[in-house]
Amino acid sequence: MPPHAETALPMELVWLEDFIALAEHGSFVRAAEARHITQPAFSRRIRSLEQWMGVSLFVRTPQGTTLTEAGRHILANVFEATSRLYRLRSEAQEVAGNMAKTLSFAATHSLSFTFFPRWIRQVDNGAPIEAIRLHSDSMAGCEQLLVHGEVPFLLCHRHPDVPSMLASEHFVSKQVGEDTLIALMSSASRQDISANQQPYLAYTEASGLGRIVSHRLYGKADVLALKPQFSSHLAAVLMSMALEGKGVAWLPKSLSEQEINEGRLIRVLEQYWDIPLQIHLVRPLASVSAAAEEFWAKL
């Protein structure tokens, strides 16, 4: 790379966000998908960042990418810099009166539907929050919002045995609830109750629940011969398909409890196959707004 390459082009915040995404995913293809751009365009932006830095930040191999020593050295500072810039923007807008002192949350779709409304009413009881903004997305989408500093909090399902994609040196979490994934199917299909004879309604890789279910079922093909017939990152979509008798899905109890109580969804497998879940609120270790810090301290 030419010396003094940094004078050739201005730094762009989007390059830093791309750097974080590639460091997390270890793949140009997966990182580009997470950033919602084409892989060639993503690669060009990474090259532009390396040109600006004057060093190579990633080792490219057919198996994926890893950080160089220089890349590992700047990773923590890059994350802090992007978070700080987004935080400064929000604080400036609050000071200027362009926005209320808003607490922003990212939450996975299934928790947005059921858990979040009840939970936030309990948490702010006696000290109402001035304004709340909820971003509902897939787990992958929510992780990106948190990593890029666009929200201070992420509400999501977790399982102790499934590692988080969010590095512990940058993020911390508190457990705020519990849930359970249960293998369910339509009661209208009870005449053919065997799970192995039912189509399997699966989660996509973008789903946090999908990561947890895949971990639980890994190596169990000799016991459960499930073949996915349909996939979605939305638990609500899989529940709708299950209700229509399209197959078996592992659904959160918090989302499907009414349908279970009404007898429209029934358990397919014994409780051994239930997957206990924790509900966590995740935040960056770096400082967040004063309102967000006060909220976190109350939990």
Side-chain angles (χ1 to χ4, degrees), residues 24-27 29-34 36 106-115 136-144 154-165 179-190 192-260 264-280:
E24 289 181 338
H25 291 278
S27 161
V29 173
R30 291 196 298 271
E33 289 176 351
H36 305 293
T108 53
H109 289 293
S110 59
L111 291 174
S112 298
F113 294 148
T114 55
F115 181 82
S136 182
D137 206 333
S138 67
M139 184 61 173
C142 288
E143 287 168 339
Q144 290 301 306
L154 161 61
L155 188 69
C156 62
H157 285 106
R158 277 197 175 175
H159 190 282
D161 295 335
V162 181
S164 171
M165 299 289 286
D179 206 347
T180 307
L181 283 169
I182 306 173
L184 299 169
M185 64 186 292
S186 169
S187 57
S189 305
R190 68 171 61 247
D192 186 14
I193 201 67
S194 172
N196 288 353
Q197 297 174 2
Q198 290 289 325
Y200 174 39
L201 308 175
Y203 294 95
T204 64
E205 292 184 359
S207 166
L209 293 178
R211 299 173 193 168
I212 293 170
V213 174
S214 295
H215 179 273
R216 177 67 178 87
L217 299 184
Y218 182 76
K220 303 298 191 301
D222 56 332
V223 181
L224 293 178
L226 298 174
K227 295 182 178 180
Q229 299 294 313
F230 178 85
S231 62
S232 172
H233 68 272
L234 294 173
V237 171
L238 298 186
M239 185 171 75
S240 177
M241 295 288 287
L243 284 167
E244 293 176 9
K246 303 297 184 181
V248 176
W250 264 263
L251 299 171
K253 184 179 179 181
S254 61
L255 180 67
S256 56
E257 192 163 17
Q258 180 176 345
E259 286 73 15
I260 294 172
R264 293 192 289 151
L265 286 175
I266 59 174
R267 175 187 293 275
V268 178
L269 301 169
E270 59 269 24
Q271 288 189 352
Y272 169 80
W273 293 102
D274 289 359
I275 306 174
L277 300 174
Q278 299 171 350
I279 300 174
H280 278 238

Checklist entry - So do the side chains of Met185 and Leu265 get within less than 4.5 Å of each other, counting heavy atoms only? => result no
Item to check | Pair Thr180-Asp274, side-chain hydrogen bond (donor to acceptor under 3.5 Å, both in side chains): steps then yes or no | outcome: CA-CA 7 Å; Thr180 307; Asp274 289 359; over 6 Å; no
Item to check | Between CE on residue Met139 and CD1 on residue Ile212, distance to nearest 0.5 Å | outcome: 7.5 Å
Next on the checklist: Would you compute the distance between atom NE2 of His280 and atom SG of Cys156 and round it to the nearest 0.5 angstrom?
Outcome noted: 7.5 Å
Item to check | Exercise: identify the closest heavy-atom pair between Gly210 and Tyr203 | outcome: CA-CB, 3.3 Å
Next on the checklist: I'd like to know if the side chain of Arg30 reaches the main chain of His25, judged simply by a donor and an acceptor atom lying under 3.5 Å from each other, with no hydrogens or angles considered.
Outcome noted: yes
Checklist entry - What class does the angle between the rings of His233 and His109 fall in, given that below 30° is parallel, 30 to 60° is tilted and above 60° is perpendicular? => result tilted
Item to check | Val268 side chain near Trp273 side chain, heavy-atom distance below 4.5 Å | outcome: no
Item to check | Identified salt bridge (Lys or Arg N to Asp or Glu O under 4.0 Å) partner of Glu259 from the options Lys253, Arg264, Arg267 | outcome: Arg264
Checklist entry - Can Leu209 and Leu277 be said to form a side-chain contact (heavy atoms from CB on, under 4.5 Å), step by step? => result CA-CA 9 Å; Leu209 293 178; Leu277 300 174; 3.9 Å; yes
Checklist entry - So Leu238 and Trp250, side-chain contact (heavy atoms from CB on, under 4.5 Å) or not? Walk me through it. => result CA-CA 9 Å; Leu238 298 186; Trp250 264 263; over 6 Å; no
Item to check | Validation row: Pro199, Val248 side chains within 4.5 angstrom (heavy atoms) | outcome: no
Item to check | Ser256 side chain near Ile182 side chain, heavy-atom distance below 4.5 Å | outcome: no
Checklist outcome for this item: For Leu201 and Ala242, the nearest pair of non-hydrogen atoms, with its separation, is CD1-N, 3.5 Å
Item to check | Leu155 vs Thr108 side-chain heavy atoms within contact, under 4.5 Å | outcome: no
Next on the checklist: So which atom in Ser186 and which in Leu243 form the shortest heavy-atom distance, rounded to 0.1 Å?
Outcome noted: OG-O, 3.6 Å
Checklist entry - Taking side chain as C-beta onward, heavy atoms only, is Asp179 less than 4.5 Å from Leu255? => result no
Checklist outcome for this item: NE2 of His157 to OG of Ser110, rounded to nearest 0.5 Å, is 5.0 Å
Next on the checklist: With a 4.5 Å cut-off on side-chain heavy atoms, are Val29 and Glu33 touching?
Outcome noted: yes
Next on the checklist: Can you confirm whether more than 12 heavy atoms, excluding those of Gln271, are under 6.0 Å from its CD atom?
Outcome noted: no
Next on the checklist: Is any side-chain heavy atom of Arg216 closer than 4.5 Å to one of His159?
Outcome noted: no
